[in-house]
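Fair warning: this is a prediction, and the values are worked out from it, not measured in the lab. Below, read A as the first sequence line, B as the second, and so on, with proteins coming before strands; counting in each chain starts at 1.
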Protein chains: 2
Amino acid sequence: MTDFDTLAGQWRAEGHKLTQPRRAILKTLLAAARPLSPAEILERGQTFYADLGLVTVYRTLEILEAMGLARPVHLADGCHGYALSTPGHTHHVVCDRCHAVVEIVGCALGDFLDSVAERTGYTITGHWLEISGLCPECQQK
Amino acid sequence: MTDFDTLAGQWRAEGHKLTQPRRAILKTLLAAARPLSPAEILERGQTFYADLGLVTVYRTLEILEAMGLARPVHLADGCHGYALSTPGHTHHVVCDRCHAVVEIVGCALGDFLDSVAERTGYTITGHWLEISGLCPECQQK
DNA sequence: CCCTAAATGAAAAGGCTTTTCAATAAGAGA
DNA sequence: TCTCTTATTGAAAAGCCTTTTCATTTAGGG
Ligand SMILES: [Mn+2]
Ligand SMILES: [Mn+2]
Ligand SMILES: [Zn+2]
Ligand SMILES: [Zn+2]
C-alpha cells in the first residue's frame with residue numbers, strides 16, 4: 001500500500017509514459033479495498049478518466065504485474081482479481097465474505113518446505129500461498 | 001494415486017453412471033504424470049474412447065472436483081490443468097520443467113497461520129498452497 | 001430384456017482476453 | 001513554449017476457452 005506519487009515514480013523509472021488512462025488505473029487500484037477484476041477496474045477507472053478502455057486496463061495490469069507492483073489474487077474458487085503488491089515474495093489474506101485483502105510480507109515455510117523436499121526428492125524453487133479468512137469487520141456480523 | 005477400480009467404486013458410490021466416455025477420462029487421468037488441461041484430457045482420452053467429446057470432459061471434471069478426487073493445479077504462471085487428488089486437504093508440488101506433480105498430504109502451516117491471524121486480525125479459515133520445484137529426473141539435466 | 005432417467009456430443013451461445021490498426025498524446029529535445 | 005517522434009490509446013475484430021441447449025443414446029435397475 002503506497003501512495004500515488006511513489007507508484008507513479010516507480011512507473012516512470014521503468015521508462016513508461018504516465019498517461020491519463022494509466023493514472024486512472026493506478027488511482028483505482030490504490031483506492032480499492034479488495035482485488036478487482038479488469039472489468040471492475042474499467043468501471044471504477046472511468047470515474048477518473050471517462051474514456052478509459054478495457055484494453056488499456058489489460059495492458060497496464062500486464063506491466064504492473066511484470067514490475068511486481070500488482071498481482072492476481074486467487075483462491076480455490078478462482079481468481080478474485082488484481083491487487084497492488086510489494087515487489088518480492090509476499091502473500092495475500094483474503095476475506096471470504098467481503099474479499100478485503102491484506103498483504104503478508106514475511107513467510108515462515110522454510111521447515112515445512114524442507115520436509116517436502118526430503119519426502120519428494122524435489123528441489124523446491126518457489127511456492128504460491130493464498131490465505132482465506134474473515135476480516136475483523138466481517139467477524140462481527 | 002489410486003487404481004481404476006478404486007476410483008470407479010468411489011464414482012459409483014455417489015450414484016453416477018460409469019459410461020464409456022467417463023471410463024476413458026478416468027483412465028487418462030490415472031495414466032497422467034502431470035496435470036492435464038481439458039483439451040489434453042480430450043486428446044488422450046480419445047485413445048480409450050474415440051467418440052469422447054470435450055463437453056463430457058468438462059462435466060466429468062466438475063463432478064470429480066466436487067468429489068475431491070481431482071483438482072486444478074495452478075502456480076503463479078497460471079493453471080497447469082487438472083490432477084487426481086486425495087479428498088481432503090492436500091497440496092501439490094509441481095516440477096518447473098516437466099510439470100510432474102506429487103501430492104503432499106500433511107501440512108504444517110499452523111504456527112505460521114496463527115501469526116498471520118495475530119498480525120492481521122483475520123480469522124483464518126483456509127489456504128491454498130502450491131509448491132514448485134525440480135523433480136529428481138529434471139535435476140539431473 | 002425393457003424402460004427410464006442420466007448422460008452424451010454437436011452446435012450455438014457466452015465471456016473474457018488478445019490482436020490489429022488508424023488516431024492521439026506524452027514528453028524529450030530544440 | 002513549440003516540435004517531433006514514438007509510445008500509447010480505444011474500437012472493432014479475432015481468438016480462445018467454457019457453458020448451455022437439445023435431440024439422441026446408453027447405463028443399469030427392475
Ligand atoms: Mn511464502
Ligand atoms: Mn495446507
Ligand atoms: Zn470481510
Ligand atoms: Zn521434472
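Separating the CD atom of B:Q46 from the C1' atom of C:dA10 is a distance of 13 Å, rounded to the nearest angstrom. Rounded to whole angstrom, the span from the OH atom of B:Y49 across to the P atom of C:dA7 amounts to 15 Å. One interatomic measurement links the two molecules: CD of B:Q20 to C1' of D:dT24, which rounds to 17 Å at whole-angstrom precision. Atom NZ of A:K17 is separated from atom C1' of D:dT5 by 8 Å (rounded to the nearest Å). The distance between atom CG of B:L26 and atom P of C:dA7, rounded to the nearest whole Å, is 13 Å. Counting to the nearest Å, the P atom of C:dA6 and the CD atom of B:E62 are 16 Å from each other. The nearest whole Å value for the distance from the CD1 atom in A:I25 to the C1' atom in D:dG10 is 12 Å. Atom P of nucleotide C:dA7 and atom CG of B:L54 are separated by 18 Å, given to the nearest angstrom.
Of the listed nucleotides (D:dT21, C:dG27, C:dT18), D:dT21 has the atom at the smallest distance from the side chain of B:R59. Listed candidates were D:dG28, D:dT8, D:dG10. Nearest to the side chain of A:T19 is D:dT8. Comparing C:dA26, C:dA7, D:dG28 against the side chain of B:R12 picks out D:dG28 as the nearest. In the set D:dA11, D:dT19, C:dA7, the nucleotide with an atom closest to the side chain of B:V55 is D:dT19. You'll find that the side chain of A:R22 is closest to D:dT8, out of D:dT20, D:dT8, C:dA7.
Both B:P21 and B:P38 sit near DNA chain D, but only B:P38 has its closest nucleotide nearer the 5' end. Where A:H16 and B:H16 meet DNA chain D, the nucleotide closest to each residue was compared, and A:H16 sits on the side nearer the 5' end.
The closest donor-acceptor contact from the side chain of A:E103 to the backbone of A:H91 lies at 3.5 Å or more, if one exists at all. Checked by atom type and distance alone, the side chain of A:S115 pairs as donor or acceptor with a backbone atom of A:F112 at under 3.5 Å. Between the side chain of A:T6 and the main chain of A:T2, no donor-acceptor pair closer than 3.5 Å is present.
Within the 4.0 angstrom heavy-atom criterion, no nucleotide atom of any strand lies near A:R23.
Remark: A:R71 does not engage A:E130 in a salt bridge, criterion side-chain N to carboxylate O under 4.0 Å.
Among B:H74, B:H92, B:H89, the single residue meeting the ring-ring contact (aromatic ring centres under 6.0 Å, His included) criterion with B:W128 is B:H74.
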